[in-house]
Amino acid sequence: MFALIDCNNFYVSCERVFNPKLEGKPVVVLSNNDGCVVARSNEAKALGFKMGEPIFQRRDLVRANKVVVLSSNFRLYGDMSGRVMTLLSGFSPDYEIYSIDEIFLGLKGYEKWDLTEYGKQIREYILQGTRLPVSVGIAPTKTLAKIANFFAKRQVYLGGVQVFRQASDAKAKLMHVDVEDIWGIGRKWSSKLRQLGICNALDLANASAIEMRKKFNVMIAKTVLELQGTSCLDLEEVAPRKNILVSRSFGYKIEKFNDLREAVTNFATIAAEKLRGQHSYACGIMVFVRTNPFSQMASQYSNSICLKFVKETNNTVVILKSAVLGLQAIFRQGYQYKKAGIMLLDLVSNNTSQEDFFIDHDKLNNKVLMDALDEINDKYGKKTIQFAVCGVRKAWGMHQENISPAYTTNWQELLIVRAN
DNA sequence: TCTGGGGTCCTAGGACCC
DNA sequence: TCTGGGGTCCTAGGACCC
């Protein structure tokens, strides 16, 4: 048995914990740069706000319904996520943190328990510990647990917990799950499946895994088996990251090389800090830039380049040099750039790295300098010291009009409670 | 005016080997 | 006249997830 526990409207719920006035109101949280809707309260969903929708297209709806529109506060959500996961991981020795707001628990050996009751205990515990509402789905396979969670969230009478003890318990409900709402079935495949007359989860459960393997691929075949009750997807170990990507859309259009260089070197610095944070080394770097693909009038350009380091490294100096070199190679004068980013490639961990007889590893990586850098910035705040190439102009700055305080991660921004 | 960011996995095809 | 069989590795692109 697997349980999938998922925080309801996670980003909105995090905001409501510290700002209870938002309770009962339509609230949306936007992506970086205040671009798209990435989280909606139930009230906002009812008004018709869609996931991923650009907010500027819905200004009328916002005004007419006094919708609260918030910029995203990822430091807050990340910290709250950590708290939720710490509490949830206490409910089973086997678990897999699947995303910022979801966790799978392995419930092997819990079969005889009253699992509905267990689910309710989980909900109450998390609510008490964090004030965040969660939904619980329990079933014999991960895919069915996802579907159980789907109903736990939507059908109020369930009280936030749905258990399918066996695949057959789910059968009556599967026809109410559209094929595109099944875990692992996205837009492209669902339209192909619909052409074959497979429109909901029951249709797919009744399909033949072997046929689906032939017509599609092994992943859809596994989904079919999972819907039928044969578990194909196990809990996964937390694997170390294979790449680190840092990219941003700009709040303003950028044309000058120096401004773009400032942005790219800032991203590279952040990525290098993350890299050292997870005790890894990168073998190379990819740099990319692009103009605004939505702009009809402006001429378009997008390009990327990969560079290999002489030896794997986590040295900001080396990474910055390569980032600038890459940017020089792909930069073209005369375009309005809207987005850029860098990716550190093929990460390897400390202890698997092959030593080179002729290279002093610590020296190559400027270990003493990097340690000092990280320690200072850790203690006194981000960018207390930085490389000059990263600049101070910030011509590319993000739009963030309505961001909440870092309630849980900054002493200066703690919630203040006043007694009247 | 205005459209996110960060990931993973699978597959087909090409290059190469003997 | 006529040109095999069996394999690996790498990469780009496409799909998916939240």
Side-chain angles (χ1 to χ4, degrees), chain A residues 4-11 28-40 49-60 62 69-75 77-78 81 85 96-104 142-143 146 149 179-193 213-223 232-233 236-253 267 270-271 274 278 283-284 286 288 290-298 304 306 308 336 338-347 398-401:
Chain A
L4 175 68
I5 297 128
D6 178 315
C7 301
N8 302 348
N9 314 330
F10 182 55
Y11 299 165
V28 298
V29 175
L30 303 180
S31 60
N32 263 342
N33 222 20
D34 289 350
C36 301
V37 173
V38 294
R40 305 156 292 157
F49 285 94
K50 298 273 178 296
M51 186 70 179
E53 190 172 51
I55 190 68
F56 75 86
Q57 294 175 351
R58 294 309 203 93
R59 286 292 174 204
D60 293 346
V62 170
V69 179
L70 299 171
S71 305
S72 43
N73 184 349
F74 286 111
R75 269 204 293 174
Y77 313 147
S81 172
M85 296 308 166
E96 171 192 344
I97 295 173
Y98 178 68
S99 75
I100 192 162
D101 71 333
E102 282 169 279
I103 189 171
F104 283 105
K142 279 174 136 185
T143 305
K146 272 270 190 183
N149 191 286
V179 72
E180 44 276 317
D181 290 332
I182 303 169
W183 189 41
I185 312 286
R187 259 221 325 272
K188 296 272 169 160
W189 289 343
S190 58
S191 81
K192 224 181 135 184
L193 284 163
R213 172 74 183 87
K214 279 187 208 152
K215 289 202 173 100
F216 293 87
N217 54 36
V218 67
M219 293 190 295
I220 293 196
K222 282 184 180 175
T223 302
C232 303
L233 304 169
E236 282 176 37
E237 309 249 323
V238 265
R241 295 259 169 266
K242 295 175 179 174
N243 300 298
I244 292 175
L245 174 69
V246 177
S247 70
R248 295 283 180 279
S249 292
F250 306 139
Y252 308 90
K253 289 165 196 147
F267 304 158
I270 295 168
K274 280 192 192 174
Q278 66 170 59
C283 295
M286 188 264 278
F288 73 89
R290 73 160 162 78
T291 52
N292 184 356
F294 296 103
S295 168
Q296 306 284 332
M297 310 301 283
S304 68
C306 291
K308 269 205 147 93
Q336 298 182 320
K338 180 65 179 169
K339 182 172 182 174
I342 71 105
M343 196 181 331
L344 296 177
L345 308 168
D346 305 322
L347 309 189
M398 271 197 306
H399 293 303
Q400 278 195 322
E401 283 187 8

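Lettering follows sequence order; numbering is per chain, from 1. Note that these values count all heavy atoms, side chains included, but never hydrogens, waters or copies made by symmetry.
Of all nucleotides in DNA chain B, those with any atom nearer than 4.0 Å to a heavy atom of chain A start and finish, going 5' to 3', at dC2(B) to dT11(B).
Among the heavy atoms of the strands, none lies under 4.0 Å from Phe74(A). Heavy atoms of Ile220(A) sit nowhere under 4.0 angstrom from any nucleic acid atom. Within the nucleic acid shown, Asp34(A) has no heavy atom closer than 4.0 Å to any nucleic acid atom. Note on Lys338(A): only backbone sugar-phosphate atoms sit closer than 4.0 angstrom, heavy atoms only; bases stay farther off. Counting non-hydrogen atoms under 4.0 angstrom, Arg241(A) reaches the backbone sugars and phosphates but no base. Lys146(A) comes within 4.0 angstrom of the backbone, heavy atoms only, and of no base. As judged by a 4.0 angstrom heavy-atom cut-off over every strand, Glu102(A) is placed among residues touching the sugar-phosphate backbone only. Contact annotation for Ile55(A): no contact, since no heavy-atom pair falls under 4.0 Å across all strands. Within 4.0 Å (heavy atoms only), Leu30(A) reaches no atom of the nucleic acid at all.
For DNA chain C, runs of at least 3 consecutive pairs of the Watson-Crick or G-U wobble type, with both hydrogen-bonding distances under 3.5 angstrom, map to B:5-18 with C:5-18.
The neighbour count for Lys339(A) NZ, taken as heavy atoms of other residues, nucleotides or ligands under 6.0 Å away, is above 12.
Between the CD1 atom of Ile182(A) and the NZ atom of Lys146(A) there is a distance of 12.5 Å, given to the nearest 0.5 Å. In this structure, Lys188(A) NZ and Leu193(A) CG are separated by 14.0 Å, a value rounded to the nearest 0.5 Å. One finds the OG atom of Ser72(A) at 7.0 Å from the CG atom of Asp34(A) (value rounded to the nearest 0.5 Å). Going from atom CG of Asn243(A) over to atom CG of Leu345(A) covers 5.5 Å, rounded to the nearest 0.5 Å. Rounded to the nearest 0.5 angstrom, Tyr11(A) OH and Ser81(A) OG are separated by 9.0 Å. Distance check, rounded to the nearest 0.5 Å: CZ of Phe216(A) to CD1 of Ile185(A) gives 8.0 Å.
Summary of the strand contacts: Ser295(A) and Phe216(A) both lie near DNA chain B, and taking for each the nucleotide with the nearest heavy atom, the more 5' one is attributed to Ser295(A). Position along DNA chain B of the nearest nucleotide to Ser247(A) versus Asn217(A) favours Ser247(A) as the more 5'-ward residue.
When the C1' atom is compared between dG4(C) and dC17(B), the two are found 15 Å apart, to the nearest whole Å.
For Glu96(A) and Lys142(A), the salt-bridge test passes: some basic side-chain N is under 4.0 Å from an acidic carboxylate O.
The aromatic rings of Phe267(A) and Phe250(A) sit parallel to each other, their planes meeting at less than 30°, with 60° as the upper class boundary.
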